[in-house]
Amino acid sequence: MTQPTAAVRDRVRTLRSEDLPAYCYDLTALRNHAGRIRASLPGRVELYYAAKANPEPEILAALRPYVHGYEVSSGGELTHVRKAVPGLPLAFGGPGKTPAEISTALSAGVERFHVESPHELHLLAALAERHAPGRRVAVLPRFNLPGPGDALDGSALAMGGRPAPFGLDPAQADHTVRLLTDGTYPHLELRGVHAHLASGLDAPAQLAVADSVVAWATALAARHRVPLPEVVVGGGMAVDYTAPDSRFDWAAYGAGLARIVAGHPELTLRIEPGRALTAYCGWYVTEVLDVKHSHGEEFAVVRGGTHHLRTPATKGHDQPCTVLRTDTPWPHPWPRPAARGDRVTLTGQLCTPKDLLARNVPAPGLRAGDRVAFGLAGAYAWNISHHDFLMHPRPGFHFLGAPEGG
Ligand SMILES: *Cc1c(COP(=O)(O)O)cnc(C)c1O
C-alpha cells in the first residue's frame, strides 16, 4: 500500500517539524503480510528472511513467528541477528567471507554455510576442525547456475548464469561434491545446494527458476549417488515500485512450490526473500521546506533526501509517495511557497542533482509545510543510504504496533 496506514498517519500527526524526517514502520502490517506469505507456503518449504534487506532488531523480531530462520551475509549481520532473534537458525552466505568471520560463525554455531568458492570451502574445512570440534558443519555450496530459458531477462538484477563474483561455477560442481563426500573433509557435511540467481522476478519466473534449480540439483545428486536433502532457490521476489499496490503472487508461487516438492518426497526447499517481505511496512515521512519554479518545472525541496532514502537513486525509479496536507498557519510575513501547476518534482536537501526522490508527482497546490510520506521504504532504504554525506541530522525511527503476538 502506498497510502500510509492509520497507525503511521496518527504518528505523523503528532510529530513536529523538527522530528522530521522520520522512518515509520508499521509492525502490525508487517506481521499480517508475513503471516499471509507463510500461510501460502506448503510443508517442506522453509522461509528464511534475508536480513540485509532491513536488519532493524524490531523488524527481525516482528518476523520471528513467521520465518524458519534468517539468511545473513556478513560477520556483522550474523552477530547482530543472533542477538536480536536468538535461537532461530541462521544461514551464512555472501562472497569474500574472511577467516575471522568464518571463525565467529563457527563459534556461534551457525547452522548452515552457503559456500561461494573452492578457497572458501578449504578455509571453512580448516577452521571447522579448530572451532567446531566434534560436530559436522552443514554446507550448501552456492552455484552460479544459468536461469531457465529467458526467465531472468526481465529481472532487475540478474547474477546467475553469467560472469559474476557469486557462487561456484557449475563446472566445479562434480569436484565440489566429491570433496564433500569422499572423506577429504570429515568436519563438513554436504547438506544441499544453494542458488540465488536474480532479483525482481514475478511468481511465474520464480517458479521457473525453482524448477530448473531443483532439476539441476536432482541430476547432481543422482550422478554422485548422494543425498542433497535441501535446495535453496534464493530470494528476489519482485517489488514493483511503479505499481505499489500490486504484490508478488504468493498464492500462485506457493501452489507451484507445492507441485515441485510433491515430485521430490525427500526434499526440503528453502526460499530467502528480503525486499518482498519488508518493503511494504516502511514509510519515510518528511516535510516540504520550499517550493520553487525553475525553467518551466516545479520543485519541492523536502527535509532529508537520498542520504536517508537512497532506493530511488540506486534503482532509478520514482519513490511512490502520498502528500499529507497540513493546515499549520504560515508563520512568515512573505507568501507561502506553493506549486502553481499540477506536477512537482520532489528533491532532498543535498547539493547534487542526483538527490531526486520522485519526479513529476501529481501534487497540485503543494505548499511549504505540507508533509510527504514515501512508501515501500521498508527494505534497502535507510540501511543502504550514505548517511553522512553533507552532515544533515539523522531521521527519527518509529516502530508502530506490537512486534510479537496479537
Ligand atoms: C540479497 C539476497 C537475497 C534477498 O534478495 P531480495 O531481492 O531482497 O529478496 C537472498 N539471497 C541472497 C544470497 C542474497 O544475496
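Start at 1 and go down the list; that is how both ligands and their atoms are numbered. We count residues from 1, following the sequence as given. Quick caveat, the model's predicted, so the values are computed rather than measured.
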So H122 and L179, side-chain contact (heavy atoms from CB on, under 4.5 Å) or not? Walk me through it. CA-CA 10 Å; H122 302 315; L179 278 180; 3.9 Å; yes

Using the side-chain contact (heavy atoms from CB on, under 4.5 Å) rule, take F399 and I59 through it: C-alpha gap first, then chi angles, then the decisive distance, then the call. CA-CA 8 Å; F399 297 90; I59 300 274; 4.3 Å; yes

Between Y49 and T278, does a side-chain contact (heavy atoms from CB on, under 4.5 Å) hold up when you go through it step by step? CA-CA 9 Å; Y49 172 55; T278 51; 3.2 Å; yes

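The pair E230-R270 meets the salt-bridge criterion, since a charged nitrogen lies less than 4.0 angstrom from a carboxylate oxygen. With respect to R136 and E189, no salt bridge is recorded, no charged nitrogen being found less than 4.0 Å from a carboxylate O. A salt bridge is defined here as a Lys NZ or Arg NE, NH1 or NH2 lying under 4.0 Å from an Asp or Glu carboxylate O, and D211 with R259 fails to meet this definition.
Annotation for ligand 1: atoms under 4.0 Å from non-hydrogen atoms of G235 are 9 (O), 10 (C). Near S199, meaning under 4.0 Å from any of its heavy atoms, are these atoms of ligand 1: 7 (O). Remark: ligand 1 atoms within the under-4.0 Å shell around heavy atoms of G274 are 4 (C), 6 (P), 8 (O), 9 (O). In the vicinity of Y380, heavy-atom distances shorter than 4.0 Å reach the ligand 1 atoms 1 (C), 4 (C), 5 (O), 6 (P), 8 (O).
Using a 4.5 Å heavy-atom threshold, the side chains of T314 and I384 count as touching.
At least one N or O atom of G236, backbone or side chain, sits closer than 3.5 Å to an N or O atom of ligand 1. An N or O contact shorter than 3.5 Å is missing between P273 and ligand 1 by distance. Every N/O-N/O distance between R142 and ligand 1 stays at or above 3.5 Å. Some N or O of E272 is nearer than 3.5 Å to an N or O of ligand 1, by distance alone. Ligand 1 has an N or O atom lying under 3.5 Å from an N or O atom of R275, backbone or side chain.
The closest donor-acceptor contact from the side chain of D355 to the backbone of T306 lies under 3.5 Å.
Counting heavy atoms under 4.0 Å from ligand 1, residue K52 touches it through the side chain alone.
Distances shorter than 4.0 angstrom do not occur between any heavy atom of F166 and any atom of ligand 1.
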